[in-house]
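To start, the structure under review is shown below, and the notes come after it.
Computed from a predicted model, the values in this text were never measured in an experiment. Read the numbers this way: they start at 1 and go in the same order the structure lists the ligands and their atoms.
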Amino acid sequence: MRVKICGITKPEQAAAITAKGANTLGFICVESSPRYVTPHQLGAIIEQLPPQVDKIGVFVNAATTEITTLVAQTGLTGVQLHGEESPDFCLQLKEALPDIELIKALRVKSAEFLEEATPYFSSVNTLLLDAYHPQLFGGTGTTLDWESLALFSPPIPWLLAGGLKPDNLIYALSQLSPQGIDLSSGVERAPGDKDLDKVSQLFQQLQIWKANQP
Ligand SMILES: O=C(O)c1ccccc1NCC(=O)[C@H](O)[C@H](O)COP(=O)(O)O
């Protein structure tokens, strides 16, 4: 199971969360977010992380040059597009960054909305389903209607996000079969300040879930 902890802002928390078992960390490259990290902060966090950890920069409707410049400066291994980026934009970015994982986040209003996922199957590596919020792009703590998404089974890997926390994780995974999970506010004390006890609880819950798999 891929476990992505998103909205990391502190080097020591990045290291501790990795040591607890997270294989993917997300960094918010959106200035309006309370979890924003500057390019300088991002580079400093990434340089002390082990190579096997995926380092994903999260962008909202950013220009290609902004993304490619930050990738080159910092050592990001992946880019998550969390705004209204079109399939064509994703394809062009994929061509510009062929060795970088491209994740398209879809903010799901209803199960019907998932039809919008189809054009992205051939233009990104991974999908991420997040909850829709009218004012905020992400990190909202809002959950998806998991039951209505039970049939979601795209031909590329996908991550479940949106309001996951240690005490709802097992139920969410009983309804859906993503290749990975993504958490932010559910393992935080305050935006950008992760709660390491909650991260530990998350991995305990994952152990329980794994032990009960056929
Ligand atoms: O977290 C933010 O502040 C953020 C701002 C702008 C775009 C995306 C953002 N977060 C993206 C993520 O991948 C979060 O992990 C995802 O929305 C889930 O958040 P949560 O519901 O708090 O677990």
My understanding is that only one of Glu85, Glu116, His82 makes a side-chain hydrogen bond (donor to acceptor under 3.5 Å, both in side chains) with Lys104; could you say which?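 Exactly one pass, corresponding to Glu85.
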
What distance do Gln205 atom CD and Tyr171 atom OH have between them, rounded to the nearest 0.5 Å?
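Between Gln205 CD and Tyr171 OH, I get 15.5 Å after rounding to 0.5 Å.
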
| message | Consider side-chain contact (heavy atoms from CB on, under 4.5 Å). Of Ser33, Cys6, Ser184, which one does Val58 pass it with? | response |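 The residue from Ser33, Cys6, Ser184 that satisfies side-chain contact (heavy atoms from CB on, under 4.5 Å) with Val58 turns out to be Cys6.
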
Exercise for review: Indicate yes or no: does Arg2 engage Glu101 in a salt bridge with an N to O separation below 4.0 Å.
Suggested key: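 Glu101 and Arg2: salt-bridged.
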
Got a salt bridge between Arg107 and Glu84, using NZ or NE/NH1/NH2 to carboxylate O under 4.0 Å?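 Between Glu84 and Arg107 there is a salt bridge, with a charged N closer than 4.0 Å to a carboxylate O.
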
Per the under 4.0 Å non-hydrogen criterion, ligand 1 touches Lys4, Cys6, Ile28, Ser33, Arg35, Val58, Val60, Gln80, His82, Asp130, Phe137, Gly138, Gly139, Thr140, Gly141, Gly162, Gly163, Asp182, Leu183, Ser184, Ser185

| Where do Ser200 and Lys20 land on the side chain to side chain donor-acceptor pair (under 3.5 Å) test, with the steps shown first? | CA-CA 7 Å; Ser200 296; Lys20 287 180 190 297; 2.9 Å; yes

